[in-house]
Amino acid sequence: MLIRQKDDVRSSDITAEAVYLSRRDLIKAAGIGVTGAVISGSIGSRAIAAENGPVGKIMASVTKSPLSTAESPNTWTDITGYNNYYEFGTGKDDPSRFAVDFAPQPWRVKVSGECNKPGNYNYEDLVSLHALEERIYRLRCVEAWSMVIPWVGIPLASLVNRFEPNSNARYVSFKTLHAPSRMPGQRRRILDWPYVEGLTMAEAMHPLSIIAVGLYGRELPNQNGAPMRLVVPWKYGFKSIKAIAEISFTRKRPRSSWEQAAPSEYGFYANVNPQVDHPRWSQARERPIGAGLFAGKKPTLMFNGYAEQVASLYTGLDLRKNY
Ligand SMILES: Nc1nc2c(c(=O)[nH]1)N[C@H]1C(S)=C(S)[C@@H](COP(=O)(O)O)O[C@H]1N2
Ligand SMILES: [Mo]
């Protein structure tokens, strides 16, 4: 069995658009004849390989954000090959296998509820008006594994402001596309489809909350939630809903899919918290994906390491009750 090579080549060491093959990808490409090119992104410092399906186009004028972590990102292969996306199956490699033919364009988003600008918006109209930023964020799944992911996205607040929520809007909810013919997992009753998630308005307006449309400087792969998904880095990964087709502003708190499925295990807040265990496992430590077979777990940080930025959103809230 091949053990992952650590390919910590810096972006300054490789010219943009240069073809860069990590040793592992070279061996793989030579050995089993991977179809498609193995290319490096304009931004990424790791090899970008087609082994988990198609590689999207490079996105123009992406700026680096000061809100990124300095930790080195997981490889393209890890981020696009180890996924949770039950619309395409419950196995970690199901989304990369079964979302290949999911065509995310054209895409429309229905906006409704307590706002002055409801309507049906085109993906282009929503995204093209905003400057794209690279945000390298930690992702901590409630299952106690983690990654570091270089998203490309836009601040959620900029998008929300376009719809002019009114003073009745206390929450914003999101729904994934419901299309069983295109999302095979929706033909089975794994969850109550479509997948629903929600945030308080204060959480939605927080500068760390983004709508991701890309990865490693390229268009978002289908398995990561193309064409647009939420990323809220201080919360467990299940809050970061994929393939958003509806956005609604509400007075009442929405019930998210995992909360509906198992309310004693998954709450509305779902803030990463090493002190509040899941009923069936500890949340004190996490397994970094891609660290190698013999690497140990590492401690999970309060609010996934974003406490300084977000703790004030929760002053006075009992985080043990409001898990
Ligand atoms: N629609 C939808 N969104 C989803 C999920 C899902 O099953 N369906 N899984 C969630 C979970 S549990 C995690 S950990 C993240 C994983 O995102 P990634 O596969 O891009 O790393 O997506 C979240 N968003
Ligand atoms: Mo997750």
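These values consider heavy atoms only, across backbone and side chains, with no hydrogens, waters or symmetry-generated copies. Every number for a ligand or one of its atoms is a count from 1 in the order of the listing. Throughout, numbering of the chain's residues begins at 1 and tracks the sequence.
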- Between Trp76 and Tyr216, how do the two ring planes meet: parallel, tilted or perpendicular, split at 30° and 60°? tilted

- Task: Identify, by atom number and element, the atoms of ligand 1 in contact range of Tyr86, meaning under 4.0 Å from any of its heavy atoms.
- Result: 6 (C), 7 (O)

- Query: Side chain of Arg138, backbone of Met147: donor and acceptor closer than 3.5 Å?
  - Reply: no

- Report the part of Trp151 in contact with ligand 1, treating N, CA, C, O as backbone and CB onward as side chain, heavy atoms under 4.0 Å; options are side chain, backbone, both, neither. side chain

- Task: Considering the heavy atoms of Thr176, write down every atom of ligand 1 situated less than 4.0 Å from one of them.
- Result: 1 (N)

- Query: When you check the gap from the basic side-chain N to the acidic O, do Arg253 and Glu259 get nearer than 4.0 Å?
  - Reply: yes

- Task: Name all pairs fulfilling the salt bridge (Lys or Arg N to Asp or Glu O under 4.0 Å) condition that reach into residues 176-196, sequence neighbours left out, sorted by first residue then second.
- Result: none

- His206 (side chain) donor-acceptor with Leu156 (main chain) under 3.5 angstrom: no

- Query: At what distance is the nearest protein heavy atom to atom 19 (O) of ligand 1, and which residue and atom is it?
  - Reply: Lys242 NZ, 2.7 Å

- Enumerate the atoms of ligand 1 whose separation from the nearest heavy atom of Cys141 is less than 4.0 angstrom. 14 (S)

- Of Leu139, Asn84, Asn224, the residue with the heavy atom nearest atom 9 (N) of ligand 1 is Asn84

- Task: Check ligand 1 against Ile241 and write out every atom of the ligand that is under 4.0 Å from a heavy-atom position of the residue.
- Result: 3 (N), 24 (N)

- Using a 4.0 Å heavy-atom cut-off, say whether Tyr195 meets ligand 1 through its side chain, its backbone, both or neither. side chain

- Task: Describe, in one word, how the ring planes of Phe88 and Tyr85 are oriented to each other, choosing from parallel (under 30°), tilted (30 to 60°) and perpendicular (over 60°).
- Result: perpendicular

- Is there a heavy atom of Ser240 sitting under 4.0 angstrom from any atom of ligand 1? yes

- Message: Between ligand 1 and Arg229, can you find any atom pair, the residue atom being a heavy atom, that is separated by under 4.0 Å?
- Response: yes

- Going by the 4.0 angstrom heavy-atom rule, the piece of Glu87 near ligand 1 is side chain

- Verify the neighbour count for atom CD of Gln105: are there more than 12 heavy atoms of other residues, nucleotides or ligands below 6.0 Å? yes

- Message: More than 12 heavy atoms of other residues, nucleotides or ligands under 6.0 Å from CG of Asp318: yes or no?
- Response: yes

- atom 15 (C) of ligand 1: the protein heavy-atom neighbour that sits closest, reported with distance to 0.1 Å: Gly237 O, 3.6 Å

- Query: How would you list all residue pairs meeting salt bridge (Lys or Arg N to Asp or Glu O under 4.0 Å) that involve residues 146-174, not counting sequence neighbours?
  - Reply: Lys117-Glu164

- Message: Checking contacts here: is it the side chain or the backbone of Glu197 that comes within 4.0 Å of ligand 1, counting heavy atoms only? Could be both or neither.
- Response: neither

